[in-house]
Colleague: 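Shown below is the structure under consideration.
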Protein chains: 2
Amino acid sequence: MAPRTSSVAAPEGDPTTRDRILDIALELFTEQGYEATSLRQIAERLGYSKAAVYYHFATKDDILLTLHLRLHEFGASAMEAVDEQEWTPQAWADLLDLLIDQLLEQRALFLLQERNRAALEKLHRERHESDHDDLDATFQRILANPKIALGDRVRMACAFGALMGALVFNGNAFADVPSEELGDLLRGVVHDVLDPGPATR
Amino acid sequence: MAPRTSSVAAPEGDPTTRDRILDIALELFTEQGYEATSLRQIAERLGYSKAAVYYHFATKDDILLTLHLRLHEFGASAMEAVDEQEWTPQAWADLLDLLIDQLLEQRALFLLQERNRAALEKLHRERHESDHDDLDATFQRILANPKIALGDRVRMACAFGALMGALVFNGNAFADVPSEELGDLLRGVVHDVLDPGPATR
DNA sequence: GTCTATATAGGGATAGAC
DNA sequence: GTCTATCCCTATATAGAC
């Protein structure tokens with residue numbers, strides 16, 4: 001029997017065992033990958049046995065799913081703000097402006113996501129009820145929409161990739177840069193990609 | 001005993017069994033991830049038994065390593081062309097210009113790399129002799145170099161990420177776009193990121 | 001809430017026949 | 001060059017004692 005209703009929210013007071021498991025899993029899944037990380041390994045770091053982990057999570061998948069859902073809340077709120085409009089590069093820039101703050105706050109979770117795409121896709125297929133408007137899925141839908149000019153779509157994809165390039169690749173080369181400073185730099189890049197000056201138009 | 005000295009090059013005439021294994025592995029490793037793909041699965045598609053795979057490759061790791069080395073040849077040649085200079089955004093733009101063509105030709109291999117970073121890092125640690133100037137490693141070194149202004153480094157990272165955003169994320173949303181057209185669009189983006197107009201400077 | 005012990009399956013890898 | 005058969009290990013997951 002589960003100790004409490006499955007909470008997706010981040011830790012508040014003293015970290016519970018459940019939260020500690022999630023923290024450890026986040027780190028190991030990101031470093032080694034989901035499939036390469038065993039519950040034994042998690043239990044070892046936790047200081048308990050494997051069975052203890054099973055008390056808090058029914059399956060290994062549930063650990064990954066819980067972490068995924070944590071990130072999900074963010075994506076959802078960003079999506080609401082700019083749902084289903086006419087997607088112009090400018091509208092996309094506005095969306096990414098919002099996303100940048102969340103990316104900076106949730107870098108670790110985005111990194112997890114990015115480095116475990118295969119595992120998450122499988123999880124998605126098997127568990128995640130229907131088409132729940134994932135951030136990824138929404139992006140893909142928009143970027144495949146032939147009504148938007150190809151050149152615009154490519155720039156939209158590039159603008160998002162640019163954020164990933166700075167925040168998620170290269171093992172956090174900019175981990176020490178204050179979020180505000182980095183955020184400003186990134187907003188500048190997004191602007192230059194989506195609304196380039198007349199010289200390059 | 002191996003049927004021939006381990007060849008890294010791409011297939012030429014009729015695909016040998018070895019090449020077929022590599023093709024199947026490339027597809028499965030990319031879709032499902034390296035660790036989630038079993039040799040049994042590869043053997044099944046091949047139409048042979050697991051042991052047949054072991055005739056061509058001593059270990060599972062060797063399959064991944066061979067695919068990695070195939071990509072490696074490209075990165076190496078790109079690196080030579082612009083080795084160890086003073087890294088300015090402009091020099092970076094020149095490097096990425098070269099890289100774009102290779103990315104377009106080798107999209108599948110880059111995708112494999114991108115979606116199996118954890119497994120490849122481990123492989124690298126264990127097998128790949130010392131510091132062999134991987135493309136990734138070189139990028140990380142440069143992007144962490146404090147002698148280059150932070151703003152420039154962020155833009156350099158973003159410019160590379162932009163390419164990834166268009167070519168590697170989003171499940172190949174632009175797979176149907178002719179390489180030449182896509183290449184031109186990407187060169188435009190790289191230029192706007194690394195040499196933005198005066199309005200945004 | 002955490003433990004030990006165990007069930008069960010599947011993985012990578014090897015030996016040796018054909 | 002490919003197969004069958006098999007080994008051994010580790011993985012996830014469960015049952016039930018404390």
Side-chain angles (χ1 to χ4, degrees), chain A residues 1-7 11 13-25 28-29 31-68 116 118-120 122-123 125-127, chain B residues 1-7 11 13-25 28-29 31-68 116 118-120 122-123 125-127:
Chain A
M1 204 144 289
R4 46 146 132 171
T5 55
S6 79
S7 153
D14 278 5
T16 63
T17 299
R18 184 187 160 90
D19 289 326
R20 287 187 55 223
I21 292 174
L22 288 171
D23 287 344
I24 294 166
L28 292 179
F29 289 172
E31 266 173 28
Q32 312 177 334
Y34 173 70
E35 332 264 0
T37 303
S38 70
L39 292 178
R40 190 190 49 70
Q41 219 176 348
I42 293 174
E44 228 163 52
R45 279 220 196 172
L46 192 65
Y48 293 138
S49 74
K50 242 191 335 181
V53 177
Y54 273 104
Y55 174 77
H56 293 280
F57 294 93
T59 69
K60 188 187 176 190
D61 280 356
D62 280 333
I63 303 177
L64 182 61
L65 188 58
T66 303
L67 288 169
H68 171 67
N116 288 284
L120 279 164
K122 190 178 172 201
L123 207 64
R125 240 174 283 134
E126 291 168 359
R127 306 277 306 265
Chain B
M1 201 146 292
R4 46 147 132 170
T5 55
S6 80
S7 152
D14 276 4
T16 63
T17 299
R18 185 186 159 88
D19 289 327
R20 286 188 54 224
I21 293 173
L22 288 171
D23 287 344
I24 293 166
L28 292 178
F29 290 172
E31 265 172 29
Q32 312 177 333
Y34 174 70
E35 331 264 359
T37 302
S38 69
L39 292 178
R40 189 189 50 71
Q41 218 177 347
I42 293 175
E44 227 163 53
R45 279 219 195 173
L46 192 64
Y48 293 138
S49 75
K50 248 192 326 183
V53 176
Y54 274 102
Y55 174 77
H56 294 280
F57 295 93
T59 68
K60 187 187 175 189
D61 280 356
D62 281 332
I63 303 178
L64 182 61
L65 187 59
T66 303
L67 289 169
H68 172 67
N116 288 283
L120 280 164
K122 190 178 172 197
L123 205 65
R125 241 174 282 133
E126 291 167 0
R127 305 277 304 267

Colleague: Is the phosphate of C:dG11 approached by B:Ser38 (side-chain N or O, under 4.0 Å from OP1 or OP2)?
Modeller: yes
Colleague: If you check the B:Tyr54 side chain, which of D:dT12, C:dC3, C:dG12 turns out closest?
Modeller: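 Nearest nucleotide to the side chain: C:dG12.
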Colleague: With a 4.5 Å cut-off on side-chain heavy atoms, are B:Thr17 and B:Tyr55 touching?
Modeller: no
Colleague: Measure CG/B:Leu46 against P/D:dT2 and give the value in whole Å, please.
Modeller: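 Between P of D:dT2 and CG of B:Leu46: 8 Å.
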Colleague: Could you check whether the side chain of B:Lys60 and the base of C:dG11 have a donor-acceptor pair of N or O atoms closer than 3.5 Å, going by distance alone?
Modeller: no
Colleague: Any donor and acceptor pair, going by atom type alone, linking the side chain of A:Lys50 with main-chain N or O of A:Ser38 inside 3.5 Å?
Modeller: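 Here the side-chain-to-backbone pair does not exist.
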Colleague: Can you tell me the distance, in whole Å, between the CD atom of A:Glu35 and the P atom of C:dG10?
Modeller: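 In whole Å, C:dG10 P and A:Glu35 CD are 15 Å from each other.
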Colleague: Using only side-chain N and O atoms of A:Tyr55, determine if any of them is under 4.0 Å from OP1 or OP2 of C:dG1.
Modeller: yes
Colleague: Quick check against the 3.5 Å criterion: does A:Arg20 have a side-chain atom that pairs as donor or acceptor with the backbone of A:Leu46?
Modeller: yes
Colleague: Respond yes when some side-chain nitrogen or oxygen of B:Arg40 is under 4.0 Å from OP1 or OP2 of C:dG10, and no when none is.
Modeller: no
Colleague: Choosing from D:dA13, D:dT2, C:dC3, which nucleotide comes nearest the side chain of B:Thr17?
Modeller: D:dT2
Colleague: Of B:Leu39, B:Val53, B:Ile42, which meets side-chain contact (heavy atoms from CB on, under 4.5 Å) against B:Lys60?
Modeller: B:Leu39
Colleague: Quick one: label A:Ser49 by what it contacts on the DNA or RNA (base, sugar-phosphate, nothing), any heavy atom closer than 4.0 Å.
Modeller: base
Colleague: With the side chain of B:His56 defined as its heavy atoms from C-beta on, choose the nearest nucleotide among D:dT2, C:dT2, D:dT12.
Modeller: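 Among the listed nucleotides, the one closest to the side chain of B:His56 is D:dT2.
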Colleague: Kindly point out which of C:dT4, C:dT2, C:dA13 is positioned nearest to the side chain of B:Thr59?
Modeller: C:dA13
Colleague: Could you check which of D:dC3, C:dT2, D:dT12 has an atom nearest any side-chain atom of A:Ala52?
Modeller: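 That would be C:dT2.
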